[in-house]
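Heads up, the thing below is written out as structure tokens.
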Amino acid sequence: MNTKKIEENLELQLVGTLVFVVATSISAFLIYNEKYHLENNEYIVDKQTAYNILKTNRVIIFILLIVFLYCNIITKEIDLENGNNPNDDKIKADNYGIYAAILSLCAAIIILYVTFVYGKEDVIQSLENPNL
């Protein structure tokens, strides 16, 4: 068992998860910024700044999804190195984790495309999605 590889993979997952929590908090702040505008007729941060934050946050989330895909691939490699048969349930679960990460990455690509091609600072509310 390669404990160094396992530890590095877990550390990468931990850092990625913490960054994801921050990115989700930023998404929540942007939604609150829109809600605050509706209630008080002013913004905490102006629309252009909020849109720039949104774009940056989306890129960060895209990078995180690549990192999580990499972690899933490393997890599968570790399990195979530890003698698991490719037909074992553990490896099948690893494969499903990789498939899910790929699908999430595809969704992020679409969201990035929409954000950068069709997004404007006045449509943040319709672009913001705290889940991605």
Side-chain angles (χ1 to χ4, degrees):
M1 177 165 16
N2 188 346
T3 56
K4 182 172 171 57
K5 193 172 185 179
I6 294 170
E7 285 180 28
E8 288 173 354
N9 194 33
L10 289 173
E11 286 176 17
L12 187 58
Q13 289 178 38
L14 181 61
V15 170
T17 301
L18 293 174
V19 172
F20 191 78
V21 168
V22 171
T24 303
S25 299
I26 290 170
S27 293
F29 168 75
L30 292 173
I31 293 170
Y32 181 75
N33 189 48
E34 287 292 321
K35 183 177 185 283
Y36 186 84
H37 169 70
L38 290 174
E39 294 171 350
N40 301 301
N41 210 18
E42 60 184 63
Y43 289 99
I44 299 169
V45 295
D46 64 273
K47 285 182 157 195
Q48 182 61 46
T49 303
Y51 180 61
N52 290 337
I53 292 169
L54 172 71
K55 291 189 299 185
T56 303
N57 203 37
R58 291 290 166 92
V59 170
I60 290 168
I61 291 171
F62 178 74
I63 293 167
L64 278 174
L65 290 172
I66 292 171
V67 168
F68 288 139
L69 173 60
Y70 173 77
C71 289
N72 283 329
I73 291 168
I74 295 301
T75 299
K76 180 181 175 182
E77 287 177 4
I78 290 168
D79 289 341
L80 287 171
E81 288 171 6
N82 288 336
N84 288 303
N85 185 313
N87 294 323
D88 287 347
D89 287 341
K90 179 118 179 86
I91 301 300
K92 288 179 183 177
D94 291 342
N95 287 334
Y96 286 125
I98 292 170
Y99 301 150
I102 291 170
L103 289 174
S104 295
L105 201 55
C106 290
I109 290 169
I110 293 168
I111 290 169
L112 273 177
Y113 177 78
V114 170
T115 300
F116 281 90
V117 174
Y118 297 105
K120 296 181 278 188
E121 61 271 1
D122 61 342
V123 292
I124 289 176
Q125 184 178 7
S126 63
L127 288 175
E128 189 49 53
N129 178 353
N131 296 319
L132 277 178

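The model shown is predicted, which means the values in this text are computed figures rather than measured ones.
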Indicate the atoms forming the closest heavy-atom contact of Lys55 with Phe116, along with that distance.
-> CD-CE2, 3.6 Å
Any link between Tyr99 and Leu64 through a network of hydrophobic side chains (Ile, Leu, Val, Met, Phe, Trp, Tyr) touching at under 4.5 Å?
-> no
Kindly compute the distance separating CG (Leu30) from CG (Leu54), expressed to the nearest 0.5 Å.
-> 6.0 Å
Can you name the nearest heavy-atom pair linking Tyr43 to Tyr36, along with the distance?
-> C-CD2, 4.3 Å
What about Leu103 and Leu69, same hydrophobic cluster or not, with Ile/Leu/Val/Met/Phe/Trp/Tyr joined at side-chain heavy-atom distances under 4.5 Å?
-> no
Might you point out which heavy atoms bring Ile44 and Asn33 nearest each other, and give the distance in Å?
-> N-OD1, 2.8 Å
Drop me the distance from Lys90's NZ to Thr75's OG1, to the nearest 0.5 angstrom.
-> 7.5 Å
Applying the 4.5 Å side-chain criterion to the ILVMFWY set and letting contacts propagate, would Val22 and Tyr32 be lumped into a single cluster?
-> yes
Tyr96 OH: over 12 foreign heavy atoms closer than 6.0 Å | no
State the CG-CD distance between Asn72 and Gln13, to the nearest 0.5 angstrom.
-> 7.0 Å
Pairwise side-chain contact, Lys5 with Asn9, heavy-atom cut-off 4.5 Å (strictly under) = no
Within one Ile-Leu-Val-Met-Phe-Trp-Tyr cluster: Leu112 and Leu65, side-chain cutoff 4.5 Å = yes
Thr17 and Phe68, any side-chain heavy atoms less than 4.5 Å apart | yes
Do Asn52 and Gln48 come within less than 4.5 Å of each other through their side chains, counting heavy atoms only?
-> yes
Spatial distance of atom OG (Ser104) from atom CZ (Phe62) [nearest 0.5 Å] | 12.0 Å
Take atom OH in Tyr70; do more than 12 heavy atoms of anything else shown fall under 6.0 Å from it?
-> no
Heavy-atom side-chain proximity of Asn85 to Ile91 below 4.5 angstrom | no
How long is the gap from CZ on Phe29 to CD on Glu34, to the nearest 0.5 Å?
-> 10.5 Å
Does the side chain of Ile78 reach to within under 4.5 Å of the side chain of Asn82, using non-hydrogen atoms?
-> yes
Roughly how far apart are Asn2 CG and Ile6 CD1, rounded to 0.5 Å?
-> 7.0 Å
Would Ile98 and Ile73 count as a side-chain contact (heavy atoms from CB on, under 4.5 Å) if you check the C-alpha gap in whole Å, the side-chain angles of each, and the deciding distance to 0.1 Å?
-> CA-CA 7 Å; Ile98 292 170; Ile73 291 168; 4.0 Å; yes
